[in-house]
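We name chains A, B, ... by the order of the sequence lines, and we start the count at 1 in each one.
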2 protein chains.
Amino acid sequence: MPRPATIDEVAKLAGVSSMTVSRVVNASPRVREETRSRVLSAMAELEYRPNAIAQGMRSSTTRTVGFLLPDLTNPLNAMIAQSVEASLAAAGFRMLVASTRFDIDKEAHYLEQFQANVVDGIIALLSDETSEVIARAIEKSRVPVVVIDRDLPVPVDAVLCEHEQVMSELVTHLVGLGHRRIGLLNGPMTIRPARRRLDAFCSTALKLGVDDPLRYSRAPPPTIEEGFRAAMELMTATPRPTALIVCSNQNMFGALRAIRDLGLRIPGDLSFVGADENMSSALLDPPLTVIDRDIGSMGEAAARLLMDRLESPHRRPGAQVTIPSQLILRSSCGPAHRTD
Amino acid sequence: MPRPATIDEVAKLAGVSSMTVSRVVNASPRVREETRSRVLSAMAELEYRPNAIAQGMRSSTTRTVGFLLPDLTNPLNAMIAQSVEASLAAAGFRMLVASTRFDIDKEAHYLEQFQANVVDGIIALLSDETSEVIARAIEKSRVPVVVIDRDLPVPVDAVLCEHEQVMSELVTHLVGLGHRRIGLLNGPMTIRPARRRLDAFCSTALKLGVDDPLRYSRAPPPTIEEGFRAAMELMTATPRPTALIVCSNQNMFGALRAIRDLGLRIPGDLSFVGADENMSSALLDPPLTVIDRDIGSMGEAAARLLMDRLESPHRRPGAQVTIPSQLILRSSCGPAHRTD
DNA sequence: TGATGCCATGTTAACGTCAACATTATTACA
DNA sequence: TGTAATAATGTTGACGTTAACATGGCATCA
């Protein structure tokens, strides 16, 4: 592991000044062809690579973006991360990943840490949008921030998902199948998607004459265990729901296990709707009806918003891009039967 | 977005030299208590954060580790990434993620790019261990490299997985159930796990009197589509296998779809073994027997190897840690029936 | 032939921090 | 009270790069 060569060593070997080497490195046209090739061979001989830290020092720039997310093992987050990385790489940026495990302190910590010339911008999947600390941190951020699917009380660029229309469509579909007792495992109410879904769920259900739509609505933390527990609770109620909508992938796996443990059949005893297409939704028996959205374009949109902002640093934050959702109908939903 | 304060501005406000501020920042004991508190309040007032680039410049260090992987959307990779990140964060390091999408050129590119004082070390999930270019790049790397589950022709620290023993156990189990035609969807032979598994698969099968064990062995690329195609091919052969082992998660989803499309029942018509526990293996109908390993400890071990090496830069590379595998028996495997 | 201007290249300094050394203040003790 | 020892703080310079300005050479043209 030899010490890396510096620009001065290259300059010396090529018999020019370091400035000329810098010009060659940065493809400036102000260099004679013959000089350029002499410099290039000196660079090759010494295996010279411009020192990224020193360049960063000069330019106060890192060509790196921080991506904050609660949990990489959630396939949804991983897919967003993947598309963010691809978009950033295409724009010549690197992606720093910080996993916060739903810990607000960690979120604040990373947000803070990233300020210190660590990244040029931040893309965040926040786990709680009601936190004062986080809002303040974003407001005071020295680098542009883009949040994904969150409403914050401060102006910030955001990629939003369409939740109301698809939920409304779904409720209409289920009511059309005869369901009147519809369970909902929503995400925590501290984040936007859950609130939006609940709004649409309630108002559509009420409009369609469903009685007390909140009766079977729960908002467990997004884990398999909590999904299991909440589904158990709902499905052992009397009378029990004839349909169940689960909005987080992790909750979904727990809920499915609970349903299996209770010996309930889908869609015979229960119509089931999952969230976000993933490899297993089409493979489970029966294939699941799901609420889906184009995850890839969420990451792309976030990266694009951030890049735009880096190019026009004086633009005020607050731009929004909305990603559509859609309902994918499969055989896990059927007509409601009497179960009480 | 105010320009961040520098150490000199803090020094001026506190009425001390920048060196004293630096001492306070770095918790040196050589500072009078009263001075320290004056400096601390100046820091607070100016919201001073030490500039990470400048610190990096001084120390030739970034406190960042690059993690190279083919694809974040593969849950296995995501889980490794998650545990790598957690271990690195605990040690005060950040994680830069580079997704290579199985493109050797990209792998080489990132490996190269990372040399330029971008990271202090690299952890890599390589997609092809036979590449000369990659081996050369790792050999010449200016920063320590740790590879996960790969054999390279150059000395490099590695976290290895145990593949032979568990495969041998599995084949023994299946033969014990009466299976003689056992299909194997292996990973590409350009990486170690696939070769190790194949070795154990063949030698154990032969030892147990299985005829021509390679007959139903395939090595498709790790995608859902290729898993589908390969499983289709195997399961429409005459006579067809009575058991199928699938070693990649992605292949597994494709294979399951093929099996469903062919109307085959598990375990009635076919005994099925999946790879790497994930949320759905226990939920599919029937729950799947799988080859499993402790993914979390793989990431931890990789981070630990790298940290060790950063602390003892003169240690020669080549350390190895092996992570055990185990067979989780569920109901997707049963006695063999005649199917021809 | 001398002035003008352009092109290729060089010199200097600065980005922010901190190690190494230098200086000054304080304390301990004869 | 003076001197040595020690603690507290300051000064300088360097890490590698490049913007801004400076220089020198050569061609063009009146």
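- When the side chain to side chain contact (heavy atoms under 4.5 Å, CB included) test is applied to A/A52, the partners found at least two apart in sequence or on another chain are B/V118.
- Between B/R63 and B/Q55, the side chains place no donor N or O within less than 3.5 Å of an acceptor N or O (distance only, hydrogens not considered).
- Scored by the salt bridge (Lys or Arg N to Asp or Glu O under 4.0 Å) test, B/E33 finds B/R36 as partners (sequence neighbours excluded).
- Applying the salt bridge (Lys or Arg N to Asp or Glu O under 4.0 Å) test to B/E45 and every residue at least two apart in sequence or in another chain returns nothing.
- Residues satisfying the salt bridge (Lys or Arg N to Asp or Glu O under 4.0 Å) criterion with A/E300, sequence neighbours excluded, are absent altogether.
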Pairs under 3.5 angstrom only: tabulate donor-acceptor contacts from the side chains of residues 15-24 of chain A to other protein residues two or more places apart or in another chain.
| unit_1 | atom_1 | unit_2 | atom_2 | d |
| --- | --- | --- | --- | --- |
| A/S17 | OG | A/M19 | N | 3.3 |
| A/S22 | OG | A/N26 | ND2 | 3.4 |

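- Among residue pairs with one or both ends in residues 6-15 of chain B, those qualifying as side-chain hydrogen bond (donor to acceptor under 3.5 Å, both in side chains) are B/R3-B/E9; sequence neighbours excluded.
- With sequence neighbours excluded, the residues satisfying side chain to side chain contact (heavy atoms under 4.5 Å, CB included) with A/T190 are A/D128, A/T130, A/P188.
- Within the structure, salt bridge (Lys or Arg N to Asp or Glu O under 4.0 Å) pairs that include any residue of residues 129-139 of chain A comprise A/E129-A/R195, A/E132-A/R136 (at least two apart or interchain).
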| Where along nucleotides 14-21 of chain C does protein come under 4.0 Å, by heavy atom, of base (B) or sugar-phosphate alone (S), with - for untouched nucleotides? | BBBBBBB-
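- Among the atoms of the strands shown, base atoms are found under 4.0 Å from some heavy atom of A/S17.
- Taking a heavy-atom distance under 4.0 Å as the criterion, the stretch of DNA chain D touched by chain A extends 5' to 3' from D/dG16 to D/dA20.
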N/O-N/O pairs, protein side and nucleotides 23-27 of chain C side, under 3.5 Å:
none

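- Counting any heavy atom pair closer than 4.0 Å across all strands shown, A/T35 reaches sugar-phosphate atoms only and no base atom.
- Proximity of A/R32 to the phosphate of C/dT9: a side-chain N or O atom is located under 4.0 Å from OP1 or OP2.
- Qualifying side-chain hydrogen bond (donor to acceptor under 3.5 Å, both in side chains) partners for B/S127, counting only residues two or more places apart in sequence or in other chains: B/E107.
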